[in-house]
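Before any comments, here is the structure.
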Amino acid sequence: MWIYRRLAKISWKDKKTNQEVCEHLGTRSELVNTIKTRKIKYFGHIKRHVSFLKDVLEGKIEGSRPRGRQRRRWIDDITEWTGKDIHQCTVEAQDRAKWKSVSSQPLEQGRHRE
């Protein structure tokens, strides 16, 4: 974001939010969408191959979990961003062309695929 501020000659002292700077320049921050897309593509890559990574992704750890709120799982992000349950994601990941179309358009947070 600092480069956008320098381009627009907006000082940090001006108390402008990053969103306001992006609106001023007419750009959007694509970093989050890039991360989502790459993570979804990597999920498909893991699911298509028989490897140790697949076992780790699907495996369960024996024993009891610690107290408190459950941690955010890697698979939770995939199901939220694709709008599908984990079984549907696994089946679609086997078809490379279909998974490419799914991974190219991750959902915005709070929006569901129809």
Positive for salt bridge (Lys or Arg N to Asp or Glu O under 4.0 Å) with Glu80, one of Arg73, Arg72, Lys36: Arg72
Same cluster (ILVMFWY, side-chain, under 4.5 Å), Ile40 and Trp74: yes
Backbone N/O of Trp99 and side chain of Gln94: donor-acceptor pair under 3.5 Å: no
Interatomic spacing from CD1 in Ile75 to OG1 in Thr90 - rounded to 0.5 Å: 7.5 Å
CA sep, side-chain torsions, deciding dist, call: Arg5, Asn18, side-chain contact (heavy atoms from CB on, under 4.5 Å): CA-CA 9 Å; Arg5 288 179 181 273; Asn18 289 340; 3.2 Å; yes
Residues, nucleotides or ligands: over 12 heavy atoms within 6.0 Å of Lys39 NZ: yes
Salt bridge (Lys or Arg N to Asp or Glu O under 4.0 Å) partners of residues 14-27, not counting sequence neighbours, each pair once: none
Enclosure of Trp12 CH2 (heavy-atom neighbours >12, cutoff 6.0 Å): yes
Min side-chain heavy-atom separation Asn33-Trp81 under 4.5 Å: no
Smallest separation among heavy atoms of Ala93 and Gly44, with atom names: CB-CA, 3.8 Å
Hphob cluster co-occupancy, Tyr42 + Ile86, side-chain heavy atoms under 4.5 angstrom: yes
From CA spacing to verdict: side-chain contact (heavy atoms from CB on, under 4.5 Å), Glu92, Thr82: CA-CA 11 Å; Glu92 288 189 11; Thr82 59; over 6 Å; no
Over all atoms of both residues, closest heavy-atom pair of Lys41 and Ser103: CG-OG, 3.4 Å
